[in-house]
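Notes follow once the structure below has been shown.
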2 protein chains.
Amino acid sequence: MLNPVHLRTLVEVVKTGSFAEAARRLGYTSSAVSQQISAFERAVGVELFEREAHSIRPASAALLIADRGGELLAAFDGFEHEVKAMVQGLRGRLRIGTFPTASSRVVPKALAKLAADLPDAEIRLDEAEPEDVLPLVLTGELDLALVYAYDLVPQSWPEELTVLPLLDEALLVMVPSEHPAAKNNVRLEDLKDERWIASRDGTSGATCLTRLCAASGFAPRIAFRSNDYEVVQSLVAAGVGVALVPALGYKALPGTHAMPLRHKPLRRHVHVVHRTANTNPLLRDAVNALQEVCQNAVGGYINQP
Amino acid sequence: MLNPVHLRTLVEVVKTGSFAEAARRLGYTSSAVSQQISAFERAVGVELFEREAHSIRPASAALLIADRGGELLAAFDGFEHEVKAMVQGLRGRLRIGTFPTASSRVVPKALAKLAADLPDAEIRLDEAEPEDVLPLVLTGELDLALVYAYDLVPQSWPEELTVLPLLDEALLVMVPSEHPAAKNNVRLEDLKDERWIASRDGTSGATCLTRLCAASGFAPRIAFRSNDYEVVQSLVAAGVGVALVPALGYKALPGTHAMPLRHKPLRRHVHVVHRTANTNPLLRDAVNALQEVCQNAVGGYINQP
DNA sequence: ATTGAGCACCAGGTCAGCTTATGCTCGACG
DNA sequence: CGTCGAGCATAAGCTGACCTGGTGCTCAAT
């Protein structure tokens with residue numbers, strides 16, 4: 001490989017037209033410059049400067065090399081600055097995994113803040129259920145993920161992960177407005193004969209519902225499943241059934257009524273997780289942004305942990 | 001400056017996902033790779049790989065650096081190849097100075113040949129009188145020049161220059177067709193009362209004419225001056241006067257007649273000059289092309305030297 | 001349990017490349 | 001026209017970067 005240090009010296013020599021002057025500017029002795037140029041000439045196999053006692057004259061090859069070489073070195077300098085900036089967290093890439101409800105209610109604001117603070121950072125967002133994103137965080141394909149956990153579905157975290165609580169949200173029972181239960185302080189038992197609209201099988205939302213109902217002595221008749229709480233709520237509004245939705249997913253849809261459970265104020269917990277070993281400098285900023293946004297999101301049935 | 005060797009190693013490590021494999025491909029020991037990566041991490045101030053006993057995991061910073069760095073290194077490799085090619089004379093820049101007559105009769109063919117052989121070479125052509133181009137050759141602003149010298153105007157060349165003869169051409173006396181001298185073997189004395197059309201004052205063409213006439217005992221009455229032999233010949237055709245033109249500049253214009261001098265077969269000599277010290281690899285090819293073209297141009301009043 | 005692979009660390013040796021010193025050449029200047 | 005200073009080349013010596021080889025650790029596979 002051509003020695004880039006020698007190339008830089010050559011560029012400076014061509015620019016100044018003198019070994020001595022180039023040496024002064026680069027902080028070398030003129031002897032060092034002379035030796036560097038000689039070495040470079042040996043490397044390319046061509047005389048690049050004609051020497052006279054008191055001056056040098058660049059050969060045309062030297063001019064060409066200095067031209068293109070100068071551009072390259074400038075690019076390299078630019079790269080170096082990029083790296084420095086990246087290290088300071090001003091720039092870089094952050095890959096975030098999130099689950100659907102959070103991605104619409106919490107993440108956008110946090111990302112907006114992050115993007116405003118760090119306009120040159122490249123932020124990528126993937127949306128999936130916690131079971132799917134956790135392995136990605138572990139393998140390093142994601143830097144950060146938002147996950148949730150239901151009270152009744154104990155979740156254990158791999159110990160390489162740092163888990164920070166972000167939000168606590170109530171689980172709300174949602175019924176059509178005209179439903180007799182559409183008054184506060186409903187008991188779950190009152191709903192044992194209802195048709196239920198639940199999250200997809202296997203999700204902890206669905207598991208939670210099953211366990212909750214089991215605790216009240218019945219198994220819910222699940223008529224429809226959807227992971228999209230908008231769809232769930234539309235179905236409730238249409239009178240198809242009742243549902244258990246976390247507060248983050250709740251939108252006061254006309255024709256529906258939502259209330260917390262009377263005796264069992266169940267909650268869903270939202271966490272940020274990342275590998276403890278992850279050194280991505282953007283991580284800190286992203287976590288900060290998320291926490292800040294969550295503070296402001298408190299209200300209704302949503303608390304800070 | 002970030003160490004480019006380390007950068008190359010880093011890129012290879014990211015590509016292969018392993019210090020050991022990168023070491024094998026780059027011809028290092030894995031210890032060397034480990035040390036290089038450590039040094040690079042120290043240089044940028046960030047941990048770029050998480051080490052485990054049996055594997056490594058690139059941090060996101062490493063991926064970014066490898067991305068951009070890979071491009072840069074590729075560009076640098078490309079540059080190195082360019083330089084190599086240039087050294088082999090396949091590429092490069094050649095600046096040629098020439099005088100008007102030659103530039104229209106000799107140079108185009110030679111350049112065509114040169115351009116065909118070396119499609120990537122960059123060739124620049126400047127047109128001027130020999131007095132003007134020689135200093136440029138000496139300062140290195142031109143690599144090569146075509147110059148002429150008249151028999152009667154002794155020319156001395158600075159000794160740093162290599163001078164190679166290219167062509168010898170007759171000086172032709174040119175008269176209107178109906179002129180009584182329009183028969184071969186005219187003597188200069190026969191034209192002493194004519195009006196002359198000469199090159200501009202100070203050019204060696206004009207000097208030569210003056211000296212030639214002086215040798216025949218008269219001073220030419222110079223009616224018009226032009227360095228453009230096309231113009232000169234048109235003036236002759238129009239009956240304005242007679243002229244002395246070198247064979248290279250002669251075109252058998254209707255209404256004119258040209259012939260060599262009877263007793264004094266004067267000639268103009270065309271040379272290529274370049275600084276002996278000039279190492280431009282294209283020089284050799286250019287000189288060869290010119291000589292070859294000149295061989296084919298022989299005929300009429302034009303000889304090889 | 002053993003083996004092998006991957007990585008880190010240490011010690012030692014090599015070599016690139018710097019400085020210092022010296023000499024040469026040429027232009028400037030009294 | 002000698003003297004001086006500036007610019008470049010070359011030799012010698014030293015330093016530090018970096019590679020190799022060896023050792024030790026960990027983990028996965030057999």
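Naming convention: chains lettered A, B, ... in sequence-line order (proteins, then strands); numbering from 1 in each chain.
Under the 4.0 Å criterion applied to side-chain N and carboxylate O atoms, B:Arg51 and B:Glu41 are assigned as salt-bridge partners. A:Arg25 has a carboxylate O that lies under 4.0 Å from a charged side-chain N of A:Glu21, or vice versa, which qualifies the two as a salt bridge.
Neither OP1 nor OP2 of D:dG7 sits under 4.0 Å from any side-chain N or O of A:Arg51.
Under 3.5 Å, the side chain of B:His54 and the base of D:dA28 form no donor-acceptor pair of N or O atoms.
Residues from residues 23-40 of chain A lying near DNA chain D, meaning a heavy-atom separation below 4.0 Å, are A:Arg24, A:Ser31, A:Ser34, A:Gln35 in numerical order.
Looking at A:Arg284, A:Arg275, A:Arg95 one by one, the single match for salt bridge (charged side-chain N to carboxylate O under 4.0 Å, His left out) with A:Asp143 turns out to be A:Arg95.
Using modelled atom types, one finds no donor on one side chain facing an acceptor on the other under 3.5 Å when comparing B:Asn280 with B:His274. Side-chain contact annotation: A:Gln35 with A:Ser31, donor-acceptor N/O pair under 3.5 Å present. With no hydrogens or angles considered, a side-chain donor-acceptor pair links B:Gln36 and B:Thr9 at under 3.5 Å.
Between A:Leu10 atom CG and D:dC8 atom P the separation is 14 Å, expressed in whole Å.
On the nucleic acid side, DNA chain C has its first and last nucleotide under 4.0 Å of a heavy atom of chain A at C:dG17 to C:dC26, going 5' to 3'.
Where A:Asn3 and A:Glu52 each meet DNA chain C at their nearest nucleotide, the meeting point lying more 5' is that of A:Asn3.
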Assess whether side chain to side chain contact (heavy atoms under 4.5 Å, CB included) is satisfied between A:Val106 and A:Leu167, documenting all intermediate values.
-> CA-CA 10 Å; A:Val106 174; A:Leu167 281 178; 4.0 Å; yes
Exercise answer: donor-acceptor pairs, residues 124-137 of chain B side-chain atoms, under 3.5 Å, sequence neighbours excluded:
| from | atom 1 | to | atom 2 | distance (Å) |
| --- | --- | --- | --- | --- |
| B:Glu127 | OE1 | B:Ser103 | OG | 2.5 |
| B:Glu129 | OE1 | B:Tyr148 | OH | 2.4 |

